[in-house]
Amino acid sequence: MNFLPHKKVVISISLFFVFNTTFSQDSQNKWIVGIGINAVDFFPTGEPSEFTGNNGGFFSGITNAKDHWNVSAPTVSITRHLKNRFSVDASISMNNITKIGVFETQNTSYFAIDATAQYNILQNSEKFKPYAFVGGGYTWIDSKGWGLVDVGLGTNYWFGKKFGVRLQGTYKHSGDKEHKVLSHFQYTFGLVMKLNTNSKFICN
């Protein structure tokens with residue numbers, strides 16, 4: 001049975017727009033909002049091979065998008081600069097899972113809420129803004145959910161003062177002995193927009 005936590009979707013999207021409306025009016029704060037697509041890959045995580053078909057270990061087949069990736073939309077995010085090189089980010093993602101490693105499965109809903117702390121790697125770069133991040137979240141696959149630890153790398157590339165693109169890769173570790181939600185990689189690509197571009201500092 002496909003399951004989508006509709007109440008959680010409504011609450012998350014509502015909070016997104018509340019934060020957007022509230023904080024975009026503060027000229028002393030800089031925020032980034034983004035929307036894009038995401039890909040979920042269960043194969044290269046080192047999970048038991050009976051679940052993924054991976055006998056090669058961690059990172060094995062990590063570039064095999066054709067055979068292993070589940071690509072869907074949307075991912076919606078909001079980022080808030082804190083101080084110096086640090087920012088915090090919150091996101092929601094939805095996907096449709098048809099592949100778990102090498103195994104095909106019925107269309108299964110994927111819904112994730114994540115929050116991370118970001119560290120801006122290149123402080124003096126105006127356009128290219130790579131960052132590292134760590135955090136956590138909760139992911140539901142079908143009706144089963146589990147808390148996960150997030151770690152990864154990403155970058156924003158700004159075409160001008162306001163608009164840019166974001167590319168991000170996240171490893172989500174579940175530590176789930178009951179295998180409700182397997183560890184997996186999630187990649188996101190999307191458009192980002194700065195709010196309050198008259199702010200005195202430069203954020204991610």
Side-chain angles (χ1 to χ4, degrees), residues 9 11-41 44 62-63 65-66 69-96 110-137 139 148-172 184-204:
V9 174
I11 292 171
S12 300
I13 294 176
S14 298
L15 287 173
F16 171 79
F17 283 111
V18 167
F19 282 128
N20 187 4
T21 302
T22 302
F23 293 107
S24 65
Q25 296 174 2
D26 183 354
S27 63
Q28 298 305 311
N29 293 313
K30 182 169 287 187
W31 294 75
I32 298 171
V33 293
I35 187 167
I37 62 174
N38 69 88
V40 175
D41 183 7
I62 196 168
T63 60
K66 180 181 178 181
W69 289 15
N70 302 273
V71 181
S72 190
T75 291
V76 180
S77 65
I78 184 164
T79 308
R80 173 33 162 116
H81 179 269
L82 293 179
K83 187 177 182 181
N84 298 326
R85 299 189 182 192
F86 292 95
S87 301
V88 291
D89 179 86
S91 67
I92 59 172
S93 300
M94 284 174 266
N95 203 307
N96 188 40
Y110 175 101
F111 180 78
I113 302 173
D114 296 282
T116 60
Q118 298 179 352
Y119 178 77
N120 185 12
I121 297 172
L122 297 180
Q123 188 174 22
N124 296 322
S125 175
E126 292 287 341
K127 292 184 176 293
F128 182 58
K129 297 293 233 177
Y131 57 88
F133 62 89
V134 65
T139 297
L148 291 89
V149 176
D150 298 352
V151 62
L153 297 170
T155 188
N156 294 324
Y157 183 83
W158 297 101
F159 299 114
K161 291 183 178 181
K162 198 172 186 67
F163 295 101
V165 294
R166 172 175 292 176
L167 179 64
Q168 180 173 291
T170 309
Y171 170 63
K172 296 187 171 185
H184 56 279
F185 284 87
Q186 184 182 43
Y187 313 104
T188 59
F189 177 78
L191 300 175
V192 286
M193 181 181 72
K194 290 181 181 180
L195 304 177
N196 305 314
T197 53
N198 291 327
S199 179
K200 294 180 181 179
F201 56 78
I202 299 174
C203 64
N204 286 356

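The shown structure was predicted, so the numbers you read here are calculated from the model rather than taken from an experiment.
The side-chain heavy atoms of T170 and F133, taken from C-beta on, include a pair separated by under 4.5 Å. Put simply, the side chain of L191 reaches to within 4.5 Å of the side chain of V165, judged on heavy atoms. Between H81 and N120, the closest side-chain pair of non-hydrogen atoms is not below 4.5 Å. Between I78 and R80 the shortest side-chain heavy-atom distance does not fall below 4.5 Å. Contact of the N70 side chain with the Y110 side chain is not registered, since no non-hydrogen atoms from C-beta on lie closer than 4.5 Å.
In plain terms, the two heavy atoms of T155 and Y131 that are nearest each other are N-CE2, 3.5 Å. Nearest heavy-atom pair across T79 and S87 is CG2-CB, 3.9 Å. The two atoms that bring S91 and S77 nearest to each other are CB-CB, 3.9 Å, heavy atoms only. Residue P130 comes nearest to F128 through the heavy atom pair CD-O, 3.4 Å, listed as atom of the first residue, atom of the second, then distance.
Distance NZ/K129 to CZ/R166: 12.5 Å, rounded to 0.5 Å. From I35, atom CD1 reaches atom OG1 of T188 across 12.0 Å, with rounding to the nearest 0.5 Å. Note: K161 NZ to K194 NZ = 10.0 Å, rounded to the nearest 0.5 Å. In this structure, CD on Q186 lies 8.5 Å from CG on D150, to the nearest 0.5 angstrom. Separating the CG atom in L122 from the NZ atom in K127 is a distance of 15.0 Å, to the nearest 0.5 Å.
Checked against the 6.0 Å centroid criterion, the rings of Y171 and F185 qualify as a close aromatic pair. The aromatic ring centroids of Y119 and F86 lie less than 6.0 Å from each other.
The one candidate from V151, V149, D114 that meets the side-chain contact (heavy atoms from CB on, under 4.5 Å) condition with K172 is D114.
Judged by distance alone, the side chain of D89 and the main-chain N or O of T116 form no donor-acceptor pair under 3.5 Å. Proximity of a side-chain donor or acceptor of N38 to a complementary backbone N or O of M94 within less than 3.5 Å is detected.
Not counting sequence neighbours, T139 has no partner by the side chain to side chain donor-acceptor pair (under 3.5 Å) test. Considering only residues two or more places apart in sequence or on other chains, V71 meets the side chain to side chain contact (heavy atoms under 4.5 Å, CB included) condition with I37, A39, W69.
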Test side-chain hydrogen bond (donor to acceptor under 3.5 Å, both in side chains) on T75 and S93; report intermediate values, then the result. CA-CA 4 Å; T75 291; S93 300; 3.1 Å; yes
